[in-house]
Participant: 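Starting off with a structure, shown below.
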Amino acid sequence: MAERIKIVLDESEIPREWYNIQADLPNPMKPPLHPGTLEPIQAKDLEPIFPMNLIEQEVSRERWIKIPEPVMEKLALWRPSPLYRAVNFEKALGTKCKIYYKNEGVSPAGSHKPNSAIPQAYYNKIAGIKRLTTETGAGQWGSALSMATQMFGLELKVYMVRISFEQKPFRKIMMETWGAKCVPSPSMDTEVGRTILKQFPDTPGSLGIAISEAIEDAISSKNTRYSLGSVLNFVCLHQTVIGLEAQKQMKIAGEYPDIVIGCVGGGSNFAGIAFPYVCDKIHGKKVRIVGVEPTACPSMTKGQFLYDFGDMSKKTPLMPMHTLGHGFVPAPMHAGGLRYHGLAPLVSQVLEDKLMEATSVNQLDCYKYGVMWARSEGFIPAPETTHAIAAVAHEAKKAEEEGKEKSILFCWSGHGLMDLAGYEKYFSGKLTNYHMPTEEIKKSLAALKGYPKP
Ligand SMILES: *Cc1c(COP(=O)(O)O)cnc(C)c1O
């Protein structure tokens with residue numbers, strides 16, 4: 001029988017429950033701290049920012065959390081997402097490894113992000129919230145949440161990191177098409193934005209700044225809450241549909257992966273594919289789990305595990321995470337979605353406990369393998385996704401050198417059809433590599449002196 005290269009599940013196979021890794025972690029996550037008192041945060045401290053139903057999910061230790069029916073209905077628009085074996089990319093690489101990928105680029109917004117945007121819009125809606133605010137880097141999250149808020153009849157304002165806003169004008173149009181309002185950040189619409197613009201009129205912006213603006217807006221506006229597309233526990237939770245489906249599909253393929261790989265910005269698509277496998281690993285299964293980040297924004301490989309703020313203006317709780325410091329403004333590079341100074345506390349804990357490994361790849365390698373991917377497999381990957389592809393190629397090469405044939409599964413987090421400007425720069429030789437100097441990281445982390453250590 002011919003090998004199956006596309007494994008599609010029936011709609012009835014969408015997971016009915018999310019997997020909560022907090023139930024299984026050998027060392028529970030350290031609590032987030034109140035930025036003023038430095039005491040563990042209380043649910044009521046978060047109430048001006050998030051609705052109570054999501055706060056409850058954030059702290060839940062229950063292993064399985066039921067996915068509400070209205071959320072299932074929306075997810076079914078494109079879920080279960082297909083799992084493929086990348087036989088043509090294997091040939092292009094000349095590897096004997098088997099490479100499988102879970103294609104999250106088939107969602108209407110083009111990435112894994114709607115997996116959490118939809119439940120977040122839903123939970124805010126049933127809590128009586130009328131309007132959401134958020135930030136977006138590359139524009140993927142802003143687009144996903146625009147679609148989701150439209151589905152549930154909420155208003156949305158998106159603060160988009162200025163450099164992306166200028167590089168990716170089509171993203172704004174996408175968001176407007178779905179009914180949202182999108183402004184470049186820093187903006188004149190918030191106190192934080194005005195202050196930063198006065199000091200640094202030419203700043204390219206950063207996720208940290210945009211988060212500050214979105215939170216300020218949420219706290220100071222009526223019936224409004226804030227929404228975040230990565231990092232938080234409940235976002236990692238919502239993304240586990242990826243890994244849960246992949247496990248079923250890999251079974252049909254007759255494989256258990258030797259290596260599971262995901263690219264890491266805030267950590268949500270990685271958590272999505274990896275956490276169900278981390279659960280297996282905790283329970284004795286042999287599997288390597290690898291997170292991949294850019295050399296230009298190396299929170300896992302060069303940052304430190306510290307309490308840090310999620311945003312630039314220190315409005316969020318202090319979270320225990322691998323970080324480069326909240327003041328860190330990464331070098332402009334094309335994987336906008338990977339330009340975040342921190343990392344999901346849950347992924348950080350998994351890394352601390354050595355249940356996963358971390359690696360970094362440079363921009364030129366990413367585009368090289370991204371182009372090879374498009375020319376062999378057809379789908380054009382998002383710049384973020386090319387990081388996972390480059391790491392897969394590196395692992396395949398390593399296996400070759402060791403004389404082994406491995407099976408590798410990775411999360412193909414999104415398509416790059418809205419990010420072609422990066423490809424254009426690559427083809428014209430205008431892209432360079434950037435390694436974050438250790439000195440600069442040290443300087444940025446010095447701002448955390450005096451805060452508690454996790
Ligand atoms: C946002 C994004 C990422 C990075 O975010 P995570 O929270 O780390 O998953 C990766 N890939 C794509 C396509 C994205 O849109």
Side-chain angles (χ1 to χ4, degrees), residues 81 101-117 120 134-147 158 160-161 164 168 171 174-175 207 210-211 227-243 261-275 290-294 296-300 310 321-322 330 333-348 350-351 356 358 360-361 366 370 373 379-391 410-420 422:
S81 68
Y101 67 104
K102 181 77 169 148
N103 189 347
E104 290 297 307
V106 298
S107 78
S111 76
H112 66 286
K113 296 228 168 53
N115 295 332
S116 183
Q120 287 194 49
T134 197
E135 76 294 323
T136 196
Q140 301 261 30
W141 171 248
S143 309
L145 193 62
S146 300
M147 178 187 76
V158 181
M160 183 168 184
V161 176
S164 305
K168 303 178 177 184
R171 277 286 173 193
M174 250 176 120
M175 293 181 234
L207 270 179
I211 294 174
S227 173
L228 182 62
S230 187
V231 178
L232 297 171
N233 303 344
F234 62 69
V235 183
C236 295
L237 175 82
H238 298 157
Q239 293 294 350
T240 57
V241 289
I242 303 173
I261 292 177
C263 66
V264 176
S268 75
N269 89 88
F270 170 80
I273 190 126
F275 282 1
V290 182
V292 194
E293 66 187 3
C297 193
S299 53
M300 296 185 294
M321 61 181 179
H322 289 81
M333 51 141 181
H334 269 276
L338 305 183
R339 297 171 82 233
Y340 184 60
H341 68 273
L343 173 68
L346 279 176
V347 176
S348 296
V350 168
L351 182 59
M356 66 173 279
S360 66
V361 287
C366 291
W373 183 277
F379 298 106
I380 297 179
E384 293 84 0
T385 309
T386 62
H387 289 68
I389 297 172
F410 79 99
C411 182
W412 202 89
S413 56
H415 71 66
L417 297 180
M418 288 284 139
D419 304 280
L420 293 176

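Both counts, for ligands and for their atoms, begin at 1 and track the order of listing. As the structure is a computational prediction, the values presented were derived from the model and not from experiment. Along the sequence shown, the residues carry numbers beginning at 1.
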Participant: Of all the heavy-atom pairs spanning E293 and S299, show the shortest one and how long it is.
Facilitator: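 Heavy atoms only, the tightest pair is OE1-N, 3.1 Å.
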
Participant: Do S227 and Q120 have side-chain atoms, one donor and one acceptor, less than 3.5 Å apart?
Facilitator: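 The answer is yes; a qualifying pair exists.
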
Participant: Any luck finding a side-chain donor-acceptor pair between N115 and E104 under 3.5 Å?
Facilitator: yes

Participant: Using the ring of each side chain (for Trp, its six-membered ring), is F270 parallel, tilted or perpendicular to F275, with breaks at 30° and 60°?
Facilitator: perpendicular

Participant: Is it true that a side-chain atom of Y340 and a backbone atom of G310 form a donor plus acceptor pair closer than 3.5 Å?
Facilitator: yes

Participant: With distance as the sole test, does T136 use its side chain to make a donor-acceptor pair with the main-chain N or O of G142 at under 3.5 Å?
Facilitator: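 Side chain of T136 to backbone of G142: a pair is present.
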
Participant: Can you tell me which residues line ligand 1 if we count any heavy atom under 4.0 angstrom from one of its atoms, in chain and number order?
Facilitator: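 Within 4.0 Å of ligand 1, the protein residues are S111, H112, K113, Q140, S230, C263, V264, G265, G266, G267, S268, N269, G337, L338, A382, E384, T385, S413, G414.
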
